[in-house]
Amino acid sequence: MVGEILIRVAVGGAMVSGFALLGDVIKPKRFAGLFGAAPSVALASLLLAVKTQGRIYAAIEARSMVAGAIAFFVYAYSVYWVSVRYRTTALVATLSHLAIWVVVAFGFWLVWLKG
Amino acid sequence: MNLKVKVNFSVLKETNWYEYATRFLIGGGITAFAGIVAKKFGPTVGGLFLAFPAIFPASATLIEKHEKEKKEKASVNPGFRGQIAVALDAAGATMGALGLIVFAALTWLLLPDHETWVVLLGSTIVWFIGSVAIWRIVAGSGRRRCVEERHRSA
């Protein structure tokens with residue numbers, strides 16, 4: 001279990017860092033922002049899920065990821081809107097709006113995925 | 001609005017080692033967390049966290065900090081420059097998230113019957129091309145609006 005967690009930390013950390021570096025070096029900023037929604041955690045997790053649990057299990061995770069990604073879209077748009085409208089600091093805008101991601105993602109889970 | 005994409009490696013020097021370490025740990029942490037949640041509550045709950053905005057708060061905070069530092073170095077009042085940079089980054093992430101929805105849907109539908117690496121590589125390419133296409137449409141329409149406004153005011 002500890003070994004699997006360490007592998008997840010290493011693979012996930014490497015994927016996220018790689019996409020974040022791409023976002024750093026690319027301009028303009030709005031284009032670089034695309035990499036903020038890169039499938040970095042997903043690639044690492046799905047690869048490991050296929051290896052340990054099989055493709056069907058990973059596909060079920062991917063189906064739930066559709067709901068998570070819709071929640072990400074709502075989250076990112078709300079951070080954009082609040083930054084433009086109220087000029088809030090990055091920390092306040094990005095952390096306080098995580099609640100929106102949780103509500104939307106689990107809302108979809110309740111009405112669509114929970115079976 | 002600028003449609004030209006440039007690569008600037010000198011930006012990497014502005015980031016400290018602990019900022020890279022923070023990203024690595026957050027990314028690794030959320031990947032491990034998603035795995036633990038999937039084990040405890042099943043893949044339908046764990047899968048939600050594959051699209052958790054893990055790195056976005058750290059990246060946005062970094063962007064704001066670097067933008068402020070740049071202005072202060074040039075002895076210019078940063079004003080709201082940091083917040084504007086974060087807003088632009090969030091706008092980009094919004095477009096990237098639309099691509100992420102397509103990535104997840106393709107992976108869900110194709111993974112059971114096709115090679116894993118083909119599906120994941122293909123979905124990633126579709127995420128990138130789709131996100132860039134959306135960005136070009138949005139940025140292009142913004143540029144057209146600017147030109148029209150300039151014509152009107154001239």
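FYI, side chains are in, hydrogens and waters are out, and symmetry mates aren't considered; it's all heavy atoms of this structure. To find a chain, count down the sequence lines: A is the first, B the second, and so on, and within it residues start at 1. It should be emphasised that the depicted structure is a prediction, and the values quoted were computed from it without experimental measurement.
For the set A/V74, A/V11, A/L21, A/L95, the entry with the most heavy-atom pairs within less than 4.5 Å of chain B is A/L21. Counting heavy-atom pairs closer than 4.5 Å to chain A, the top residue among B/P43, B/A90, B/P57, B/A105 is B/P43. Looking only at heavy-atom pairs under 4.5 Å with chain A, the residue among B/L106, B/L48, B/L62, B/I101 that has the most is B/L48. In terms of non-hydrogen atom pairs under 4.5 Å with chain B, the most contact-rich of A/V50, A/T52, A/L113 is A/V50. Most heavy-atom pairs under 4.5 Å with chain B, from the set A/S78, A/A37, A/A42, A/A10: that is A/A37. Contacts with chain A were tallied for B/G46, B/A85, B/P53; B/P53 has the most, counting heavy-atom pairs under 4.5 Å. When A/K114, A/R63, A/M15 are compared by the number of non-hydrogen pairs under 4.5 Å with chain B, A/R63 comes out ahead. If you tally non-hydrogen atom pairs under 4.5 Å between each of B/G35, B/A54, B/A58 and chain A, the highest count goes to B/G35. For the set B/T61, B/D89, B/T44, B/V7, the entry with the most heavy-atom pairs within less than 4.5 Å of chain A is B/T44. Between chain B and the options A/I70, A/V84, A/I7, A/I56, the largest number of non-hydrogen pairs under 4.5 Å is found for A/I70. Of the listed residues (B/G29, B/A34, B/S10, B/S131), the one with the most heavy-atom contacts under 4.5 Å to chain A is B/S131. Here A/A69 is the residue among A/A69, A/G54, A/A44 with the most heavy-atom pairs under 4.5 Å with chain B.
A chain of hydrophobic side-chain contacts below 4.5 Å, direct or via other Ile, Leu, Val, Met, Phe, Trp or Tyr residues, connects B/F52 to A/W109. B/W135 and B/F128 fall within a single hydrophobic cluster, where Ile, Leu, Val, Met, Phe, Trp and Tyr are joined by side-chain heavy atoms under 4.5 Å apart, directly or via other members. Both B/L50 and B/V37 are members of a single hydrophobic cluster when ILVMFWY side chains are connected at heavy-atom separations under 4.5 Å. Note on B/L98: it does not cluster hydrophobically with A/Y77, by side-chain heavy-atom contacts below 4.5 Å among ILVMFWY residues. Placement of A/F73 and A/F106 within a single hydrophobic cluster is found when ILVMFWY residues are connected by side-chain heavy-atom separations under 4.5 Å, directly or transitively.
Heavy atoms only, all atoms of each residue included: A/W101 and A/G68 are closest at NE1-O, 3.1 Å. Taking each heavy atom of A/R87 and B/I84 in turn, the nearest pair found is NH1-CG1, 4.0 Å. For the pair B/A32 and A/V9, the tightest heavy-atom approach, listed with the atom from each and the gap, is CB-CG2, 4.0 Å. Heavy atoms only, all atoms of each residue included: B/E64 and A/T89 are closest at OE2-CA, 3.4 Å. For the pair A/S45 and A/E61, the tightest heavy-atom approach, listed with the atom from each and the gap, is O-OE1, 4.4 Å.
Using a 4.5 Å cut-off between heavy atoms, B/F49 touches chain A through backbone and side chain atoms alike. With a 4.5 angstrom heavy-atom cutoff, B/I134 does not touch chain A via any of its atoms. Heavy-atom distances place no part of B/I26 under 4.5 Å from chain A, backbone and side chain included. For A/S40, no part sits under 4.5 Å from any heavy atom of chain B, backbone or side chain. Residue contact with chain B, scored on non-hydrogen atoms closer than 4.5 Å, involves the backbone and the side chain of A/A38 alike. Residue B/V45 touches chain A through both its backbone and its side chain, counting heavy-atom pairs closer than 4.5 Å. With a 4.5 angstrom heavy-atom cutoff, A/V16 touches chain B only via side-chain atoms. Neither the backbone nor the side chain of B/V119 has a heavy atom closer than 4.5 Å to any heavy atom of chain A. At a 4.5 Å heavy-atom cutoff, the contact between A/S17 and chain B is made by side-chain atoms alone. In this structure, chain A has no heavy atom under 4.5 Å from any part of B/K65.
By the neighbour-count criterion of 12 heavy atoms within 6.0 Å, atom CZ of A/F31 is densely surrounded, having more than that number from other residues, nucleotides or ligands.
No side-chain heavy atom of A/F19 sits less than 4.5 Å from a side-chain heavy atom of B/S59. Counting heavy atoms from C-beta on, the side chains of B/M95 and B/V132 never come closer than 4.5 Å.
Residue B/T124 holds its OG1 atom at 10.0 Å from CG of B/L100, rounded to the nearest 0.5 Å.
Using bins of under 30°, 30° to 60° and over 60° for the plane-to-plane angle, the ring pair A/F72/A/Y75 lands in the perpendicular bin.
For residues 16-24 of chain B, a heavy-atom distance under 4.5 Å to chain A picks out B/Y20, B/R23, B/F24, given by residue number.
A donor-acceptor contact shorter than 3.5 Å links the side chain of B/W127 to the backbone of B/G96.
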In a table with atom names and distances, give each donor-acceptor pair under 3.5 Å that connects a side chain of residues 107-117 of chain B to protein atoms at least two apart or in another chain.
{"residue": "B/T107", "atom": "OG1", "partner": "B/F103", "partner atom": "O", "Å": "2.7"}
{"residue": "B/T107", "atom": "OG1", "partner": "B/S123", "partner atom": "OG", "Å": "3.3"}
{"residue": "B/H114", "atom": "ND1", "partner": "B/L110", "partner atom": "O", "Å": "3.0"}

